[in-house]
There are 4 protein chains.
Amino acid sequence: MTLSSLFSHELDFIDDDEFHEECGVVGIWTTQDAASLTALGLHALQHRGQEASGIVTYDGNQFHTHRGLGLVGEVFDDPRVIASLPGGMGIGHNRYATTGETQLRNVQPLYGDFEFGGFAVAHNGNLTNAQLLKQSLVRRGCLFQSSTDSEVFIHLIAISLYSNVIDRFIDAIKQVQGAYSLVALSKDMLIAARDPLGVRPLILGKLPYSQDENSWVVASETCALSSMGADFVRDIEPGEVIIIDHDGVRSIHPFADNTSSRFCIFEYVYFARPDSVIENKSVYMARKKIGAELAKESHVEADVVVPVPDSGVPAAIGYAEASNIPFELGIIRSHYIGRTFIEPTDQIRNLGVKLKHATNRAVINGKRVILIDDSIVRGTTSKKIVEMVRAAGAIEVHLRIASPPTQHSCFYGIDTPAEEKLLAHTHSIDEMCKLIGADSLGFVSADGLYRALQEDKRNNQNPQYCDACFTGDYPIPLTDHDMQLVKSK
Amino acid sequence: MTLSSLFSHELDFIDDDEFHEECGVVGIWTTQDAASLTALGLHALQHRGQEASGIVTYDGNQFHTHRGLGLVGEVFDDPRVIASLPGGMGIGHNRYATTGETQLRNVQPLYGDFEFGGFAVAHNGNLTNAQLLKQSLVRRGCLFQSSTDSEVFIHLIAISLYSNVIDRFIDAIKQVQGAYSLVALSKDMLIAARDPLGVRPLILGKLPYSQDENSWVVASETCALSSMGADFVRDIEPGEVIIIDHDGVRSIHPFADNTSSRFCIFEYVYFARPDSVIENKSVYMARKKIGAELAKESHVEADVVVPVPDSGVPAAIGYAEASNIPFELGIIRSHYIGRTFIEPTDQIRNLGVKLKHATNRAVINGKRVILIDDSIVRGTTSKKIVEMVRAAGAIEVHLRIASPPTQHSCFYGIDTPAEEKLLAHTHSIDEMCKLIGADSLGFVSADGLYRALQEDKRNNQNPQYCDACFTGDYPIPLTDHDMQLVKSK
Amino acid sequence: MTLSSLFSHELDFIDDDEFHEECGVVGIWTTQDAASLTALGLHALQHRGQEASGIVTYDGNQFHTHRGLGLVGEVFDDPRVIASLPGGMGIGHNRYATTGETQLRNVQPLYGDFEFGGFAVAHNGNLTNAQLLKQSLVRRGCLFQSSTDSEVFIHLIAISLYSNVIDRFIDAIKQVQGAYSLVALSKDMLIAARDPLGVRPLILGKLPYSQDENSWVVASETCALSSMGADFVRDIEPGEVIIIDHDGVRSIHPFADNTSSRFCIFEYVYFARPDSVIENKSVYMARKKIGAELAKESHVEADVVVPVPDSGVPAAIGYAEASNIPFELGIIRSHYIGRTFIEPTDQIRNLGVKLKHATNRAVINGKRVILIDDSIVRGTTSKKIVEMVRAAGAIEVHLRIASPPTQHSCFYGIDTPAEEKLLAHTHSIDEMCKLIGADSLGFVSADGLYRALQEDKRNNQNPQYCDACFTGDYPIPLTDHDMQLVKSK
Amino acid sequence: MTLSSLFSHELDFIDDDEFHEECGVVGIWTTQDAASLTALGLHALQHRGQEASGIVTYDGNQFHTHRGLGLVGEVFDDPRVIASLPGGMGIGHNRYATTGETQLRNVQPLYGDFEFGGFAVAHNGNLTNAQLLKQSLVRRGCLFQSSTDSEVFIHLIAISLYSNVIDRFIDAIKQVQGAYSLVALSKDMLIAARDPLGVRPLILGKLPYSQDENSWVVASETCALSSMGADFVRDIEPGEVIIIDHDGVRSIHPFADNTSSRFCIFEYVYFARPDSVIENKSVYMARKKIGAELAKESHVEADVVVPVPDSGVPAAIGYAEASNIPFELGIIRSHYIGRTFIEPTDQIRNLGVKLKHATNRAVINGKRVILIDDSIVRGTTSKKIVEMVRAAGAIEVHLRIASPPTQHSCFYGIDTPAEEKLLAHTHSIDEMCKLIGADSLGFVSADGLYRALQEDKRNNQNPQYCDACFTGDYPIPLTDHDMQLVKSK
């Protein structure tokens, strides 16, 4: 077999072995340039979805839309595109999605012409009764254009018997189950909403430099504020609906019970950008503290602490500080790799081809290495990395994971493999260690993780976070799943 | 003025303020799949040139060429492209270059049909008498197709009166002045050569997994070997010509005097990839040591050491270790930015728009910050970064630079601004500090830099490295420049 | 003013001055390769819409869609596209449409997931109560994705209370007014239907070379049959619904009154391809006969008969034969012109720049020329052509038009300017002649046109054809227009 | 075998069976807007080369180049491209060529930086000693960048020992053999030249609308003048060199013997555009006369005369007039076909798939048909067309060809198959008729062809035209061919 026959359009031997956030959202309410500001915000939220991006604006007279496959910097790099999106109000969306003409239909924001005028919605999260709702909507004659569960919102709004937009919007969200952070735009207002448990993040900021005092931004994370020079105001609360119009910002709490909150703990572990602040906690500092907890819980004698870049770096810094073992960049990550590249054959791959990661032999050779990574999904990347580190001369390789074992699928907006493909679902830690080929393997405990987030421990009666991927404790009913309306992946 | 009128296809407000390596080269001599292996090597050398890439292969019967504008992963991602480059011998080139149809002519490797058959050359470096040679070649009737100085080689070889390829090649390199690491391919042999002072790097490796024992790779840096699972053999020596053919590897030293060596010290500071090893010195470790020297020479009381990513990271780790001040990721770099993106207006920019860098307020706010960067070019980025760090709440910002002040242009293969645009050429350190807005500014000394590279100090009579950009001590005559045959930039 | 400032992306000075057919449709029912056959048919119907094209197939298990902007040969030239459309049943559509991402939503066939399964529709024609229906559908909660009136069909089918597809389809078409030739595909059947007056064409053919006897094609014109080697069976009748399924072909006549028929007479004059046969009349022969009628009605002494190519050619041949004046290609048409090209300034244009047409001086110079064109829209092209012919030395230019003056807009599927922009709406024939600059101007009479179509004369009580564009006699109510629900163009 | 596996990127079953002109050239000398004017001229010459196009301009200070693959309207449709080509002097070139990155090097005009400044050349024709010259140039050290024989000119000029441009140019053309119409541009002058026998056309025109009296255009055909509103001045003579500079137009006749002229007779038959006038003869009228001669020489009883469009139309009109048999458009040609499209399988093809041509059954069915085509190359198209016409119901099909049998390859600038692939080289007329499946087959005689061009007959001692493709009488030595330096195709 020859090398020249080994190319394909998918570099999947590493990428498949990561969790993928499904979306980032931005909303702007000001007097002009909403598209530019939205694009800047989406660029800062690029880590939440790299495959597609879209913006809808309203210029006081009509709505404008542009959506495309690719990075924000690709979809919106042509000045004519931004020029085609005039207006001071806008919403935008980044998506992790597949490619192809058909799939362009799935790129958000979704837009519809309603009796009351145009209406656009962008959604981060996942609904757990979308299929059930869709069945009854289709039966009623509603035509679905996309395969996203987000489209359910727009049909529920369309058929609502209430007369004004806000009532219709609330009517719709009261019928759905699941995790959602939504931004929506009508000709009169910008709406932002979080599900009753606040699983996905959403924050409110203020644009300081507009002539107009009444200039606002909503976004998935605070890093989007920094990108446009906006000031942080506050987190939008679980179950809260924010309405921004010419009279300013109003807040509605349409759900009776909003005592509990179950924010996704994995946002702290992996998804959110390290410079974001969520519920007054710095993501970066949280990761460092997880590293420190891990050092305490899972100590091992070693010469260097090496992160698996980029996501393992803050935990590794925390681990190194807590353990007093030197922190070194023992693995270099290439940032030039695109979505497609030469795929080596098994033969070449086994001989050491590494497109995305390379080892830095100078700090590994002859050393006992503690490798820090954020999580283990299928285990294939971990195995590869451990092999690479050994090949670079490490005499011991101890793998430490800055999260508990991920044993369960997420149904609230994260793209995870089916349970049976999660290594931790089918293997004990010892088995995992053996399979990965490490000298030892340790995970931070659930309580350690909660401590890093300034809790005493996990409150098992009423957990402070959604940690279903670690515990299987799903705080929102999995209606479609239980009715077998969704297929396992 | 509105935001919507402020877009352009150049994001130059930060990128222009960096030095750019001009090239990386790879050569393969084995029995098959040269194109795949070359592409893997070029991918690992992507940091040496991101704008264009090319490969020439020979299949025992004819030569095949593919060259294009873009990253290696873009130019060679289509399997049909690699399939169109059969053969076991090949050379490749990455280029930092401008765009446009016309400029495709400048993408290397250069190829010509000679009396003795096809011949391809790829060049990293810069010739200092290329214009003078070109004048006489044009007068003789030679037609230049590109605007690269590298084309001089191919014409000198074409008109050489010697009969065999090696003699012609040596005839050509004896006429040129400047810095060059060359790889060349004829139907019978792969040639690799370094200029007499060895200004640019070039190494020899071995492909272990081929059936054929006689399988070799030459490349700019050792990181290219790792990418294809090859073993490091040795650095090619200054003034050495390596010939690889069916009989194996031969070495020629055509230059009488090869006692001295003046390797580019800036390769250690900034250009080379941290996991590369040059002349038995790890680039990563060298950078850490520069950081440590800097900590000694330029101490300041502070709370955190923050690197300007990505290039400042190893020096910052070294600085933090030596000074015992915590290392923190206080600046986050976006890796999603492409070559073009929304350019904000001055108004927006001044209000804090940051596309490439974002501050991590959690580790900066209320702190005395030591910022570590590799060098200062025009100073515009430094000024911007210091502003951002202050805006994130730093109470003091001390900028420390892991190289001496760059006061002079490079004529040996690095794209630098004209001297008068280098901040250090026209300003004292105090003036620079004031202009940049830092509380203090320090550079590592020349001797400190040499110490980091395991020398006692700079040998001012016979310097161990080319450090002309710091000292103005140019080891190779600047013939074209002195005759005013090249314009200042 | 300089030439170099005169370029734009629209060559509109001639193209705008033509009528544009809005669509061509194809449907295939056989055992395999529906996509290939549909693409061949659409290619033959390219003259009915050049801006976008789409195909939906069903493979017995699921539906597949591909739609794109451009010619059939552009949208479907990649073999992977056809390969992505498996199955033996399919429908396709060509569209005359505008460009842009947004507008891709308007490219047909339209597709929806219904309670009873997938359903796709392609439509040639125009509905005259679409806006009224849309208003009530939106009020009910239906979400419109496109701005085409065709989308009304799919929502009417979706909300129909009938249980089976055919009943729902008939329920839908009974609610719409206007002109339509439809093809539709469900998982069980291919449906084809014409409006009660049969304004737009639709024919049934048979695929002879399939193993399966039950292999059928429906298409807008017979030329699509030729392209795929199919045999003509018959015209589908006005008001007829054809159902093709595994049991063969069935016919339904859901409309009570189908005594009358008002086929669009302009299909004979201009839209249909000359090799098509409609209602047993060859389009080419009809045009020749129109030319002959014109020669009789509007005789003039002259030396040559020159067609405005390509559409005026058959009428010119007929005119030449009837008048015994030589037929000559005095105007050459460039077929290399694309959708965009250099637009000359007025200055250059007035001096004689002709991108699309060029005169053949050898047959014009010194001659009395009879120019034959199919119609006059705004008159700008006619004026330009007459000028060009005079500039080539014609001593007299007599313009003869192979249709009556077009004084009224079409609301049944042809893209026409608003009435006030039609030259014949605002000018007498004498005024038109003067404005165009011809020595004389003649149109065929309505009766002459009807005679060419083998009628004695126009039956003014019950006209045999729809000729509203000539007569203003609209056979189908213009509901939206009368309620001012559509804007004038 | 299924249809869906039958697609490819070449529609070669018809296109390969035509002769292809290899080039069209344009040169402009005025005060501004040379690029626009050149593009208009190239557009009018699109029939001489559709695969690539290029323009070089000079703005009084520097040269500008843009070259690309595709139609003129594709390569130059972006206003920014024209804006990047400032200046009042320019030359342009259309090319019939293959595709691919490598081949972009072959797109003309060729440009070089010479000792005396920049120099650009565009060439229509073919050199018969190019390989011999190339061998000695390569031996001397000249590097060839393209695989076009045209590059020989530029190297000969580069190495010429003469000091001024004109002397170097004449030095160069005196060394070459073959057919050439050249336009060349230096910073001081526009040069146009035809080979001593004037095989390829070249004409001089005047731009009337410039402020500057001294405004000129040279072009392959007069149709390029019409496109830009220029006036015809005269044919450039065989062996003449025209120099246009700030002093006006000068003429040089550098060749001793210019008594004879051997213009390519096939330009009249097929290549030139019908509205062009060459040597005072209208191409259209010449074709009609050929048709008339054919009617006399090769009479047959029939009902209709049907041209194979588009090239057979004028001859068919001439035939119809002379024979008094009605002229009918019995074959319709699709102008929507691009360079790539669905290629049907043999199965489908044999059943009647016709992408490029369709029959018009209404004028063929039941008729005795005389088909008029311009030439027979391999015969595959003729066979297909005859089959199609029979399938449309013709009871007799008589094929008449408006040129003598093409038995020999062209070496003077036309892309022809090797002799052994020319049907007429290996078959008698009877055999051809049988193979093609016609009822009778007739070609115009050589003398008939000459009569149509207003000669009494062919002067066999000293033929008035180059008719080597019919007679094998090659007026210019075939040096490379005789020395076997060129491969047969």
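The sequence lines fix the lettering, A, B, ..., with proteins before strands; numbering per chain opens at 1. Quick caveat, the model's predicted, so the values are computed rather than measured.
Relative ring orientation between D:F76 and D:H66 is described as perpendicular, the plane-to-plane angle rising above 60° on a 0-90° scale split at 30° and 60°.
Under the side-chain contact (heavy atoms from CB on, under 4.5 Å) criterion, D:A130 pairs with D:L127, D:D149, D:V152, D:D480, not counting sequence neighbours. For D:D59, the side-chain contact (heavy atoms from CB on, under 4.5 Å) test picks out D:N61, D:Q62, D:H64, D:P86, with sequence neighbours left out. Residues forming a side-chain contact (heavy atoms from CB on, under 4.5 Å) with B:I159 (at least two apart in sequence, or on another chain): B:L137, B:R140, B:C142.
Residue B:F116: no heavy atom, backbone or side chain, is found under 4.5 Å from chain D. For B:L156, no part lies under 4.5 angstrom from a heavy atom of chain D. Heavy atoms closer than 4.5 Å to chain B are found nowhere in D:I157, neither backbone nor side chain.
Between B:V25 and B:L182 the shortest side-chain heavy-atom distance does not fall below 4.5 Å. Considering only heavy atoms from C-beta on, B:V138 stays 4.5 Å or farther from D:D113 through its side chain.
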Full working for side-chain contact (heavy atoms from CB on, under 4.5 Å) between B:Q135 and B:L132
CA-CA 5 Å; B:Q135 276 188 352; B:L132 188 64; 4.3 Å; yes

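Side-chain polar atoms of B:T148 and B:Q108 form no donor-acceptor pair below 3.5 angstrom.
Contact tally against chain D (heavy-atom pairs below 4.5 Å) for B:G141, B:S84, B:G112: the top residue is B:G141. Of the listed residues D:Y111, D:F114, D:F144, the one with more heavy-atom pairs under 4.5 angstrom with chain B than any other is D:F114.
Residues of residues 165-177 of chain D lying under 4.5 angstrom from chain B, judged on non-hydrogen atoms, do not exist here.
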